[in-house]
K.L.:
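Could you have a look at this structure, given as C-alpha cells, before my questions?
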Amino acid sequence: MSVQLGMPQPREGSGAGVPPARPAGAAPGLLDRYGRRATDMRLSLTDKCNLRCTYCMPAEGLEWLAKQAVMSAEEIVRIVGIGVDSLGVRELRLTGGEPLVRADLVDIISALRSNHPDLPISMTTNGVGLDKKAAALKAAGLTRINVSLDSLHEETFTQLTRRPFLDRVLAGVDAAWAAGLGPVKLNAVLMRGINDAESPSLLAWALDRGYELRFIEQMPLDADHGWTRRNMITAAEIRELLSRDYVLSPDPRARDGAPAERFEVRRRVAGSVGPYEQVAAVGPTEQAAAGPVSEAEGPVLGTVGIIASVTEPFCADCRRTRITAEGKIMSCLFSREEFDLLGLLRDGASDEALAERWQDAMWVKPKAHGMDHTGLGAADFVQPDRSMSAIGG
Ligand code: SAM
Ligand code: SF4
C-alpha cells in the first residue's frame, strides 16, 4: 500500500475503529487505566489549511478529506453535548487544520454557546482572515483565542509557513484583542537556524502588547517526517535563549494540568544571574544547596509559556481528549490507534452508546508518548501517520 504522507491511514490494531470494552464498574467520565480523567476537549473542525507550515504540512500533495467525511455542524454540536453533559468535559478548544476556513464557524460557535452558556470555548488559529471575523466570533460566544505566530519578519514567516501572509496574521491578532477575545495567546514553534534567534524579540513584542506568548517544542508530527530529536529546539534551549534578555521565574499560579509551564518575565539587569542560569551552570542539587540566587531588578513584565511536550512531557497529568475532523477519538496526539465516533453516530447510535464508545476509547489511552525515551533518537517512538493538521493540535 502506498502511504500518502499526512493522510489518515488504517491504524494498527484499530480493527473497525472499535476499542475494547473497558472493565465493568469503571468510574464514569473519560477516565483511563492510569487514573487520569479527560476534561479538556480538543475538537478539529477541518483538516484544511491555507498555510503550509514546514513543521506541520507538506509543501503540496496533501489531499483534503471529502466534505462528506467531515463532521457537520449538527454532528459537532451533538458530540460536544455528549462530552459536556455526560462525560465531564469542562473546556473546549476548536482547532484544525485551520478553523477559520470553515464557512459555518460562527454558526457552530453560536450553537455551542446556546447549549453550554458557561463552557469556556477557545480556538487555535493561524490568524489569516481573523481581522474580518473576530467581532463575529466574539458575538457568537467564543471565549478566547490562540494565534500561531512564529516570526515577525516577513521573509522568515514566509519561509516557515510557505505563504506571504504575515500582515494578515498581525491584523488578525490585533482584531482579536480589540474584539475582546483576550487574553490573546500566541503560539510559536522555534526551528533551528530559522527563527530561534528571534525568540527574545518575539517575546518583547508580545509583552509590549500584553499578549501571552507560548513556545512549543517542535514535535514529530510533520507530514514530511523531517523532525529529528537532535535538531529540535528544546525547552532548556528556549529558556537559555530568552535568558539573554530576560530573567524567568516560575509563575506562582498552579499549572492545573495546562500544557504550558508558565514563567514570570523580568528584564535582565546587566550582570545579574537568575535561577535558570545557576541551575544550568551547577546542577539543581548544588544550586539548592547554594541557597537563594540573585534576583534581577524590575517589575514583572508579563508571562511566557513553554510547552515542552518532547523533553519535559506532562503525560502523567494529561487531561485531553481529541476528536478529529472526521469524528475519530484520539486519546493522545501520538496515538497509533483511533476510534470511530462519527460512523457510530451516523449509524443512528444513541447518546448513551456514543458515550460508551468514547469512554472505552479513552480507557486505553497510552501511559506516555515515548518520544524522548532514548534521549537522542527515541528509537522506540513511532511517528503517527497523521500530521498535526490532520489530527487537530
Ligand atoms: N491552524 C491553526 C494554527 O496553526 O494555529 C490550528 C491548528 S495547528 C495544528 C495548532 C498548533 O499546532 C499551532 O500552534 C501549531 O504551531 C502547532 N503545531 C503544528 N505542528 C506542530 C509540530 N510539529 N510541533 C509542535 N507544534 C506544532
Ligand atoms: Fe496550517 Fe496550523 Fe498546520 Fe500551520 S500549523 S499548516 S496553520 S494547520
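Just follow the structure's listing: the first ligand is 1, and inside any ligand the first atom is 1. What you see is a predicted model, and the numbers here were worked out from it, not measured in a lab.
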K.L.:
Hey, is Met57 one of the residues with a heavy atom under 4.0 angstrom from ligand 2?
P.N.:
yes
K.L.:
Under 3.5 Å, is there a donor on one side chain and an acceptor on the other for Thr234 and Glu217?
P.N.:
no
K.L.:
Do me a favour and list the nearest non-hydrogen protein atom to atom 6 (S) of ligand 2 with residue, atom name and distance?
P.N.:
Cys53 N, 3.3 Å
K.L.:
Could you tell me which atoms of ligand 1, counted from 1 in the order shown, lie closer than 4.0 angstrom to a heavy atom of Glu217?
P.N.:
24 (N), 25 (C)
K.L.:
So how far is it from His153 NE2 to Glu155 CD, rounded to the nearest 0.5 Å?
P.N.:
10.0 Å
K.L.:
Between Glu98 and ligand 1, does any nitrogen or oxygen pair lie at a separation below 3.5 Å?
P.N.:
yes
K.L.:
Can you figure out which of Gly96, Cys56, Ala223, Gly127 has its heavy atom closest to atom 3 (Fe) of ligand 2?
P.N.:
Cys56
K.L.:
Please could you name the atoms of ligand 2 that Gly97 approaches to less than 4.0 Å, counting only its heavy atoms?
P.N.:
8 (S)
K.L.:
Where is the nearest protein heavy atom to atom 2 (Fe) of ligand 2: which residue, which atom, and how far?
P.N.:
Cys49 SG, 4.4 Å
K.L.:
Show which atoms of ligand 1 fall inside a sub-4.0 Å distance from at least one heavy-atom site of Met219.
P.N.:
22 (C), 23 (N), 24 (N), 25 (C), 26 (N)
K.L.:
In ligand 1, which numbered atoms sit nearer than 4.0 Å to a non-hydrogen atom of Thr124?
P.N.:
2 (C), 5 (O), 6 (C), 10 (C)
K.L.:
In plain terms, say whether Asp351 and Arg78 are close enough for a salt bridge, that is, a side-chain N and a carboxylate O under 4.0 Å apart.
P.N.:
yes
K.L.:
Out of Ser148, Ala223, Gly96, Cys53, who gets a non-hydrogen atom closest to atom 3 (C) of ligand 1?
P.N.:
Ser148
K.L.:
How long is the span from the OG1 atom in Thr303 to the CG atom in Asp251, to the nearest 0.5 Å?
P.N.:
6.0 Å
K.L.:
Under 4.0 Å from any heavy atom of Asn187, which atoms of ligand 1 are there?
P.N.:
14 (O)
K.L.:
Just let me know how Thr95 lines up against ligand 1, side chain, backbone, both or neither, with a heavy-atom cut-off below 4.0 Å.
P.N.:
side chain
K.L.:
Under a 4.0 Å threshold between the charged nitrogen and the carboxylate oxygen, would Asp256 count as salt-bridged to Arg262?
P.N.:
no
K.L.:
Checking the side chain of Gln218 only, and the main-chain atoms of Met191 only, is there a donor and an acceptor separated by less than 3.5 Å?
P.N.:
no
K.L.:
With heavy-atom distances below 4.0 Å as the criterion, list the atoms of ligand 1 near Thr125.
P.N.:
2 (C), 3 (C), 5 (O)
K.L.:
Can you find a side-chain donor-acceptor pair between Glu198 and Thr156 that sits under 3.5 Å?
P.N.:
no
K.L.:
Show me which atoms of ligand 1 lie under 4.0 Å from any heavy atom of Val189.
P.N.:
16 (O), 26 (N)
K.L.:
For ligand 1, which atoms have a heavy atom of Cys56 less than 4.0 angstrom away?
P.N.:
19 (C), 20 (N)
K.L.:
Looking at Arg346 and Glu75, is there a salt bridge between them, counting it only when a charged N and a carboxylate O are closer than 4.0 Å?
P.N.:
yes
K.L.:
So, 4.0 Å and heavy atoms of Ser148: is ligand 2 close enough to count as a contact?
P.N.:
no
K.L.:
May I ask you to list the atoms of ligand 1 that are less than 4.0 angstrom from any heavy atom of Gly97?
P.N.:
1 (N), 2 (C), 6 (C), 7 (C)
K.L.:
Within 45° of the six-membered ring axis of Phe165 and under 6.0 Å from that ring's centre, is NZ or CZ of Arg168 located there?
P.N.:
yes
K.L.:
Can you find a pair of side-chain heavy atoms, one from Leu87 and one from Trp358, that are under 4.5 Å apart?
P.N.:
yes
K.L.:
Could you state the interatomic distance from CE (Met57) to CG (Asp222), rounded to the nearest 0.5 Å?
P.N.:
12.0 Å
K.L.:
Using a 4.0 Å heavy-atom cut-off, say whether Val147 meets ligand 1 through its side chain, its backbone, both or neither.
P.N.:
neither
